[in-house]
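In what follows, every heavy atom counts, from backbone to side chain, and hydrogens, waters and symmetry copies are set aside. Counting starts at 1 for both ligands and their atoms, in listed order. Starting from 1, each residue takes its place in the sequence as its number.
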Amino acid sequence: MTSNLHISTHPLARHKLTILRNQNTEPKKFREVVRELAMMLVLEATADLQLAPLPITTPLAETTGYKLAENVGLIPILRAGLGMVEGALEILPSAQVWHIGLYRDERTLRPVEYYNKLPVSPTVQICLVLDPMLATGGSAVATVDILKRWGAQRIKFVGLIGAPEGVRRLSQAHPDVHIHLAALDDRLNDIGYIVPGLGDAGDRQFGTG
Ligand code: PRP
Ligand code: URA
């Protein structure tokens, strides 16, 4: 597997992902855990953000601290990526959120674009694509294609579960894109679902299954 793949080894990530995998977890709890996992994974994915020095005064002395020197864009892929935005914003409150609407055609498994309101040129230095599931990789590759055409330079994919097929496809199409996941699962089934996975991430968050 590509060296650009980062699987969280944090015990809390494994614990929380198990709650999502459980078919008995209700949408309310499911959404809560998606938010928490998104926060953890975004924390890991942003470990290389650039800082600028910031002189400040503490109650005891003058010192030099730090502030973020880069603007971060969060790009949730509608619908399921929406559930990851809140957790990401909790630790990156000044991030910009730009939505991309794609759904996977159930017959062809190809992504179909239905929403894109990116501004004319990039307003951020780093883009985090948020989507819980990296299955065939079609949606992630299409989103990165859109962001690169827009002019984005640094792009990372942050998801919850990946299939080997999706990781391979994304890293072959976009070797520069780092992939951050909570788990790499076994395979896709014959209708393109990740096994063991967690089912349909959109349906389970929004109660539409
Ligand atoms: C799911 C998921 C990804 C995509 C992954 O979305 O959230 O966007 O499938 O599959 P892929 O890697 O094979 O492209 P879906 O199309 O079900 O839409 P939804 O989020 O609106 O439910
Ligand atoms: N989309 C999902 O929500 N789940 C899968 O397992 C595959 C694609």
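Residue-to-ligand polar distances place Arg79 within reach of ligand 1: an N/O pair is separated by less than 3.5 Å. Between Asp203 and ligand 1, no pair of N/O atoms sits closer than 3.5 Å. Considering backbone and side-chain N/O atoms, Ala80 comes within less than 3.5 Å of an N/O atom of ligand 1. Residue contacts with ligand 2: Ala201 is placed with a nitrogen or oxygen under 3.5 Å of a nitrogen or oxygen of the ligand (distance criterion only). For ligand 1, one of its N or O atoms has an N or O atom of Gly137 under 3.5 Å away. Considering backbone and side-chain N/O atoms, Ala135 comes within less than 3.5 Å of an N/O atom of ligand 1.
Taking a cutoff of 4.0 Å between a charged side-chain nitrogen and a carboxylate oxygen, Glu32 and Lys29 qualify as a salt bridge. With respect to the salt-bridge test (charged N to carboxylate O, under 4.0 angstrom), the residues Glu86 and Arg31 do not qualify.
For atom 1 (C) of ligand 1, no protein non-hydrogen atom is found at a distance below 4.0 Å. When distances from atom 10 (O) of ligand 1 to the protein are checked, a heavy atom turns up under 4.0 Å.
Scanning the protein for heavy atoms near atom 5 (C) of ligand 1, the closest one is Met133 O, 3.5 Å. The nearest heavy-atom contact from the protein to atom 13 (O) of ligand 1 is Thr136 OG1, 2.5 Å. Nearest to atom 8 (C) of ligand 2 among the protein's heavy atoms is Arg104 NH2, 3.5 Å. In this structure, the protein non-hydrogen atom closest to atom 15 (P) of ligand 1 is Arg104 N, 4.2 Å. Ser139 OG, 3.5 Å is the protein heavy atom nearest to atom 4 (C) of ligand 1. If you check which protein heavy atom lies closest to atom 4 (N) of ligand 2, you get Gly199 O, 2.8 Å. The nearest protein atom to atom 5 (C) of ligand 2, hydrogens excluded, is given as Tyr193 CD2, 3.4 Å; this is a heavy-atom distance.
A distance of 10.0 Å separates CD1 in Ile7 from NE2 in His180, rounded to the nearest 0.5 Å.
Transitive grouping of hydrophobic side chains (ILVMFWY, heavy atoms separated by less than 4.5 Å) brings Leu41 and Val34 into a common cluster. In the hydrophobic clustering of this structure, Leu17 does not group with Leu134; members are Ile, Leu, Val, Met, Phe, Trp, Tyr whose side-chain heavy atoms approach within less than 4.5 Å, directly or through other members. Criterion: ILVMFWY side-chain heavy atoms under 4.5 Å apart, direct or through other members. Under it, Ile155 and Leu5 are part of a common hydrophobic cluster.
Contact atoms of ligand 1 toward Gly138: 12 (O), 14 (O) (distance under 4.0 Å to a heavy atom of the residue). Near Gly192, meaning under 4.0 Å from any of its heavy atoms, are these atoms of ligand 2: 7 (C). Residue-ligand proximity, Ala135 to ligand 2, at heavy-atom distances under 4.0 Å covers atoms 7 (C), 8 (C). Each of the following atoms of ligand 2 lies closer than 4.0 Å to a heavy atom of Ile194: 5 (C), 6 (O). Against a heavy-atom cut-off of under 4.0 Å, Tyr103 is close to the following atoms of ligand 1: 16 (O).
Scanning both residues, Val158 and Ala45, for their nearest heavy atoms gives CG2-CB, 3.9 Å. Heavy atoms only, all atoms of each residue included: Leu109 and Gly192 are closest at CD1-CA, 3.9 Å.
Side chain to side chain, Arg79 and Thr208 meet the donor-acceptor criterion of an N or O pair below 3.5 Å.
In Glu113, the CD atom is crowded: over 12 heavy atoms of neighbouring residues, nucleotides or ligands sit closer than 6.0 Å.
Seen from the ring of Tyr193, Arg104 counts as a face-on cation partner, given the 6.0 Å and 45° thresholds.
Using the six-membered ring where Trp is involved, Tyr115 and His99 have ring planes that are perpendicular, over 60° apart on the 30 and 60° scheme.
Side-chain atoms of Arg204 come within 3.5 Å of backbone atoms of Leu20 as a donor-acceptor pair (strictly under, hydrogens ignored).
Here the shortest heavy-atom distance to atom 7 (O) of ligand 1, taken over Leu130, Asp131, Asp200, belongs to Asp131.
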